[in-house]
Amino acid sequence: MQFIVVRYAEIALKGGNRDWFEKMLINNIRKHLKKIGWTRVTKIHGRIMVEVEGEQDRISEIMRNIPGIANFSYATSCDHNMETIGKAGVELLKTYFEQNNKSSISFRVYAKRSSKDFPMNSPKLAGELGGMMLDQFPQLQVQLKNPELTLGIEIWHNERSIVYLEKIQGMGGLPVGSSGNVISFLSGGIDSPVASCMMMRRGCKTIFLNFHSYPFIGEQSREKVIDLVTHLSRYQPKTTLIIAPFTKIQKAIKDNCREKYRTILYRRMMYLIAERIIGRYRVSAYVTGEAVGQVASQTLKNLACTEAAASLPVLRPLIGMDKSDIIERAKEIGTYPISIQPFPDCCTVFQPKKPETQGKLELVVGEEERFDFESLIDEAVENLEIITMESSIQEKFWD
Ligand code: ATP
Ligand code: MG
């Protein structure tokens, strides 16, 4: 049985809503861990405590990817007896030195006493426990500022205390769901998975929407998008991917509209399809992977033309980032190797040779009037492919 103490950062700042945020995080942790085995997640003493049966590496990998968790520690639950507390500390350090072969390491004890029933104050307790550890482990060198190793002891009420060793860094942010629902426009590229991850980290439950132009782009592009979404599914308990057929719309645009407007029109049609889905998923905003000036369709003028088709705010978390920074982020979150697989996106179909970079809304709308897009949108919405998946981290991470 693993016993884990979870710490959260920003939720603590949420004043009157704190309870609501905490409940959401507790629920999410429960759902993320349930596939591991028996799990209990409770709030004790202003902390979230997790009890779970399972392998530590696997649990850590899942916990590190749950938005809202600042950090967490594997802990031992004790009573208020100094001897039991000392024993717990020794056990933790013994395991640490078994796993890390070190002849010398800087060390301190961090003590927090919330129950005044305990006879020692925090500095005294830290000194006492530190002394017990130094007696047993000659490798430890006391260093109060920035030590490599901190043994934590928290004295709670009702004869309870916890002892823990390492703080494992979580991803921070807010629990998914606490900021509402968004639709993220996901191509198979590098940018949109990064944008999606950033918004999940800010508490947005993310529904992924991809546009696919079969047979102009093949099955492999579809598989690539499914792979990306599967990878991103680690950040939220449940994930929905919607794949919308886009072939007929692209063909109609090619056959009826001026070539240089194609990409802008594709984008506007994407929003118009998305507009039909927002009610079903109670969506409050869209997310895209756009950054100013990255490609012709992302000039300020063209962004204005495309988002005019949307009734909801369009969130663009990458808007001011350089491609090289986005690539770094994609590598960090692990989507990069999937994104660079060379399978095309629908936007490459009938790509204009000289795309418009200074789109004017009235001219773009004029182009749209040249074909019956409403019936094509109806048809696309009737033929959506919807894939749902539980949160998952592929086995390769620990096999
Ligand atoms: P990406 O931004 O995905 O890495 P990219 O920069 O080549 O690839 P663009 O063609 O510039 O992508 O598209 C900009 C944004 O439009 C994407 O970030 C994505 O949010 C959205 N988008 C593009 N193609 C699609 C698609 N086939 N399905 C859903 N959204 C798309
Ligand atoms: Mg891009």
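We count ligands from 1, going down the list as the structure has it; atoms in each ligand are counted the same way.
- By the criterion of a heavy-atom distance under 4.0 Å, both the backbone and the side chain of Thr288 are placed next to ligand 1.
- Listed by atom number, the atoms of ligand 1 under 4.0 Å from Met270 heavy atoms are 24 (N), 25 (C), 26 (C).
- For the pair Lys254 and Phe350, the cation-pi test (distance below 6.0 Å, angle within 45°) is passed.
- In terms of polar-atom proximity, Phe185 is counted as a contact of ligand 1, with an N or O under 3.5 Å from an N or O of the ligand.
- Under a 4.0 Å N-O distance rule, the pair Glu385/Arg222 qualifies as a salt bridge.
- Per-residue contacts place Gln298 under 4.0 angstrom from the following atoms of ligand 1 (heavy atoms of the residue considered): 9 (P), 11 (O), 13 (O), 14 (C).
- Geometrically, Arg276 does not engage Tyr271 in a cation-pi contact, judged by NZ or CZ lying under 6.0 Å from the ring centre and within 45° of the ring axis.
- Of the listed residues (Gly289, Ser339, Cys347), the one carrying the non-hydrogen atom nearest atom 17 (C) of ligand 1 is Gly289.
- A parallel orientation is assigned to the rings of Phe185 and Phe211, their planes being inclined by less than 30° (bins at 30° and 60°).
- Side-chain contact check for Phe208 versus Ile183: every heavy-atom pair is 4.5 Å or farther apart.
- Close approach of ligand 1 to Leu209 is summarised as follows: ligand atoms under 4.0 Å from at least one heavy atom of the residue are 29 (C).
- Side-chain contact check for Asp227 and Thr230: no donor-acceptor pair (N or O, by modelled atom type) lies under 3.5 Å.
- Taking 4.0 Å as the cut-off between side-chain N and carboxylate O, Arg47 and Glu154 count as a salt-bridged pair.
- Some N or O of Ile190 is nearer than 3.5 Å to an N or O of ligand 1, by distance alone.
- If you look at Asp191 next to ligand 1, the close heavy atoms, those under 4.0 Å, come from the backbone and the side chain alike.
- When each atom of ligand 1 is checked for a heavy atom of Asn210 under 4.0 Å away, the hits are 26 (C), 27 (N), 28 (N), 29 (C).
- The contact set between ligand 1 and Asp345, taken as ligand atoms under 4.0 Å from a residue heavy atom, comprises 23 (C), 24 (N), 25 (C), 26 (C), 27 (N).
- For ligand 1, the atoms closer than 4.0 angstrom to any heavy atom of Val295 are 11 (O).
- With a heavy-atom cut-off of 4.0 Å, Ser192 touches ligand 1 through backbone and side chain alike.
- No side-chain donor from either of Arg160 and His157 sits under 3.5 Å from a side-chain acceptor of the other.
- Between the side chains of Thr76 and Glu91, no donor-acceptor pair is found at a separation under 3.5 Å.
- When heavy-atom distances to ligand 1 are checked against a 4.0 Å cut-off, His212 has no atom that comes that close, whether in backbone or side chain.
- When the options Gln294, Lys323, Glu290 are ranked by their closest heavy atom to atom 15 (C) of ligand 1, first place goes to Glu290.
- Close contacts of ligand 1 with Cys346, meaning ligand atoms under 4.0 Å from a residue heavy atom, involve 27 (N).
- Between Lys34 and Glu390 there is a salt bridge, with a side-chain nitrogen of the basic residue lying less than 4.0 Å from a carboxylate oxygen of the acidic one.
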